[in-house]
Amino acid sequence: MKKPDNAFFSRVLMMGNEAAAEAAIRAGCQCYFGYPITPQNELTAYMAKHMPERGRVFIQAESELAAINMVFGASVAGVRAMTSSSSPGISLKQEGISYLAGAQLPAVIINVQRGGPGLGSIDPSQGDYFQATKGGGHGDYHIIVLAPASVQEMHDMTVEAFRLADHYRIPVMILADGRVGQMMEPIRLHEDPPPPVPPKPWALTGAKGRPPQYIRSLFVEEGALEKHNYELQDCYRQIAAAETKAEETETGDCEWLIAAWGTCARISKGVVRKARAQGIKVGLVRPITLWPFPHEHLARLAHQVKALLVVEMNCGQMLEDVRLAVNGAAPVHFSGYPGGRIPTETDVLNALTALAHSQGR
Amino acid sequence: MKPPKNCYRRPTSLTDATMHYCAGCGHSIVHKLLAEVLDELEIRERTIGVAPVGCAVFAYFYLKCDISEAAHGRTPAVATGIKRALPDRIVFSYQGDGDLAAIGMTETIHTANRGEPITVIFINNTVYGMTGGQMAPTTLVGQQTATSPAGRNPATMGCPIRMCELLNTLDQPYYIERVALDSYAGVVATKKALLTAFQSQVAGKGYSFVEVLSPCPTYLRLSPQKALQFVGREIAAQFPVRIFRKEGVPVNA
Amino acid sequence: MHERILIAGSGGQGIISLGKLLARLAAETIPHVTFFPAYGAEVRGGTSNCQVILSAHEIAAPIAEIFDSMLIMNQQSAAHFMAALDKNGLAIVNQSLCKVHADSRHVLVPATEIADRLGSAKAANFVMLGAWLARKPLIPARAIETAMASHFPDAPAALIDINIQAFRAGLAG
Ligand SMILES: Cc1ncc(C[n+]2csc(CCOP(=O)(O)OP(=O)(O)O)c2C)c(N)n1
Ligand code: SF4
Ligand SMILES: [Mg+2]
């Protein structure tokens with residue numbers, strides 16, 4: 001007789017991709033639609049195995065275009081739905097995401113980023129920051145973007161994404177990277193009940209006992225689109241006020257500030273320790289929500305520090321938001337890694353010490 | 001000095017790069033046959049290929065002709081663009097089952113329906129090789145893959161799509177054949193089919209389509225030899241090997 | 001304690017599965033653990049490697065530049081990685097398949113030969129693990145033997161047995 005798996009082990013060690021998949025299941029995701037792409041294949045494979053076991057829906061769609069539109073359909077019907085992909089596939093989903101945003105439909109989308117543009121590489125990257133945070137499809141919209149830096153956060157943020165999506169009727173993206181997706185760490189699984197599903201009187205469930213209703217993103221009556229867009233903007237303001245999140249490390253007395261997200265923030269945390277050991281008083285601010293962006297954290301800290309260093313695995317994308325937030329209060333420098341290579345602590349420490357020396361400690 | 005006629009040698013159209021394909025993979029065989037055809041028809045220097053997104057994405061390292069990449073599945077659309085821009089060039093697309101029959105199904109059908117005078121080489125190995133062995137549109141019923149861990153279930157995942165048959169319902173295609181890389185005879189037949197397809201394009205005829213049932217030992221989880229047998233017995237049982245369309249006319253089974 | 005470990009060899013040597021087992025076991029007694037497998041382009045050409053970091057404190061950078069321990073299973077990996085061994089580090093080298101220069105930090109173990117004699121060259125990874133644990137007892141050796149069956153629920157008992165013997169041989173050698 002086979003021993004059940006895990007008989008010996010008390011802690012759960014999971015890969016980021018699988019941790020997100022398990023979180024979706026625990027958050028009450030009823031429908032998952034995917035299409036294979038590296039480096040997120042384990043997520044799709046996990047759902048292929050575990051969704052049908054629970055009588056839930058798994059479809060390997062014929063393309064990402066199809067997958068996101070299946071999510072649209074499930075969401076129209078009022079159930080929790082998710083899709084996942086990596087950069088080239090997310091580009092294909094952008095059309096659907098624009099329609100979800102326009103129709104105010106909740107959805108969870110996981111992007112385990114890889115290098116770009118084009119096919120790029122399958123190595124980790126943060127090249128999709130602009131696409132994710134500036135509204136990657138057409139039209140005047142935003143989606144909520146969460147940036148995990150650990151396997152635990154892949155798990156927790158996926159649960160949270162379902163709550164946010166339903167609460168605000170908005171697509172939520174988890175913007176991870178190949179590193180977080182492929183890495184394994186011990187995690188605490190979400191044991192609470194799924195976030196409660198709010199009433200969805202707008203969902204299309206058949207006009208039994210009520211007048212027929214519709215879901216739309218087309219507003220041709222005079223003034224209707226303007227009104228609709230103002231409504232969206234109202235919603236975005238509420239989200240910004242209530243959901244903006246950032247993590248600060250050693251910022252109390254810092255004279256220098258690193259701003260980084262996801263994997264780069266984790267590396268920068270190690271740099272903060274090392275630099276402080278060398279007498280450089282540096283702090284770290286890590287946006288947890290990339291949209292809404294934590295402008296206020298940066299604006300406040302900018303007045304306290306001699307300069308900022310933005311660290312990203314791209315050629316300078318969050319950098320622009322940091323500059324906007326800092327608004328000239330301190331110089332903003334950049335240390336970027338666009339080739340699928342993850343910076344080492346030494347890379348970032350060198351950039352920081354060079355900055356500290358050039359600006360005079 | 002010209003080598004003797006029967007001397008076995010590397011085709012001129014094949015580079016001497018070591019192929020990255022797994023042992024026993026059908027892609028390497030088809031690359032070689034394709035190179036031989038380009039040599040024999042003396043069209044290497046006026047041929048432009050479009051590589052798929054799939055294990056053959058690096059075809060340009062191995063074939064000594066111009067080759068463009070394309071986005072996943074958009075391969076025949078890119079080939080259409082090239083052929084319309086340069087009608088006197090020989091244009092082919094080379095695609096796997098995911099690229100051609102899943103994400104690129106729309107492009108596949110409409111390119112054939114317009115009768116674009118290009119050659120489409122379709123490597124049907126019944127799985128997604130490059131991404132790690134997921135279910136393909138051509139995966140057999142019951143076949144286990146990374147995304148059909150309990151085997152392909154027709155009730156929720158559909159049945160294998162027969163592309164030759166499907167394209168044969170259209171009026172415009174000129175030549176459609178399915179071959180199987182299951183044996184020496186199968187390799188010879190594949191070469192012949194490729195030759196016919198390219199010859200029709202050289203002669204200025206319409207759309208040609210060659211489907212090659214091809215082993216992926218890695219994700220069929222079989223030894224190279226067993227994978228060949230699987231192609232001949234199981235895969236060919238689902239996908240009949242024959243000519244479907246000749247000189248624009250459907251051929252009865 | 002902060003131990004940065006690299007396991008490297010060729011595909012089929014059980015590099016990734018050994019790394020996962022090590023990470024999983026370590027997580028039972030060590031608070032912070034990360035496991036990272038090389039994936040995709042890095043593994044083409046048949047090489048395989050993974051990193052495991054074990055730490056008493058929160059692990060900031062989940063990737064290491066310098067390693068405290070290395071388990072090196074083939075020549076290609078020896079050539080590629082061994083320069084990144086810490087000056088006080090320890091490298092267990094599979095002598096059956098690699099030649100490395102003499103260095104007090106290197107421990108040579110004919111892992112493939114030992115495993116082959118025990119019945120399966122594929123168990124060489126466990127010889128390596130045993131040899132490493134004999135010198136760095138970060139995890140109770142007994143735990144590995146007990147955990148083996150839980151970690152490989154689908155493996156036949158005979159294979160588990162060879163793995164355990166291989167592990168013991170490494171531990172003793
Ligand atoms: C838009 C997009 N989605 C997904 C992928 C990932 N991807 C790469 S190859 C491939 C499928 C490969 O299967 P197939 O076409 O059958 O070729 P094979 O490798 O079997 O020859 C996929 C899904 C991608 N590159 N781009
Ligand atoms: S995975 Fe399959 S299709 Fe890809 S190279 Fe290997 S054998 Fe060929
Ligand atoms: Mg295929």
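Only a predicted model underlies this, so the values are computations on that prediction, with no experimental measurement involved. Each chain gets a letter, A, B and so on, in the order the sequences are listed, and its residues count up from 1.
Within a 6.0 Å radius of NZ in A/K134, other residues, nucleotides and ligands contribute more than 12 heavy atoms. Atom NZ of A/K49 has 12 or fewer neighbouring heavy atoms from other residues, nucleotides or ligands inside a 6.0 Å radius. Taking a 6.0 Å sphere around OH of A/Y99, one finds it holds 12 or fewer heavy atoms contributed by other residues, nucleotides or ligands. Sparse packing is recorded around CZ of B/R84, with 12 or fewer heavy atoms of other residues, nucleotides or ligands lying under 6.0 Å away.
For the pair B/H72 and A/L119, the minimum side-chain heavy-atom distance is 4.5 Å or more.
No part of A/I59 comes within reach of chain B, as not one of its non-hydrogen atoms sits under 4.5 angstrom from that chain. With a 4.5 angstrom heavy-atom cutoff, B/P137 does not touch chain A via any of its atoms. Contacts between A/I37 and chain B at a heavy-atom distance below 4.5 Å involve the backbone alone (N, CA, C, O). For A/Y46, no part lies near chain B; criterion is any non-hydrogen pair under 4.5 Å. Contacts between B/T156 and chain A at a heavy-atom distance below 4.5 Å are absent for every atom of the residue.
A distance of 7.5 Å separates OG1 in A/T44 from CD in B/Q134, rounded to the nearest 0.5 Å. Summarising the geometry, atom OG1 belonging to B/T147 is positioned 9.0 Å from atom CG belonging to A/N41; distances are rounded to the nearest 0.5 Å.
Contact count versus chain B (heavy atoms, under 4.5 Å) is highest, among A/P36, A/S63, A/S91, for A/P36.
Smallest separation of non-hydrogen atoms from A/A45 and B/A146: CB-O, 3.7 Å.
Formation of a donor-acceptor pair under 3.5 Å by the A/Q60 side chain with backbone atoms of B/M135 is found in this model.
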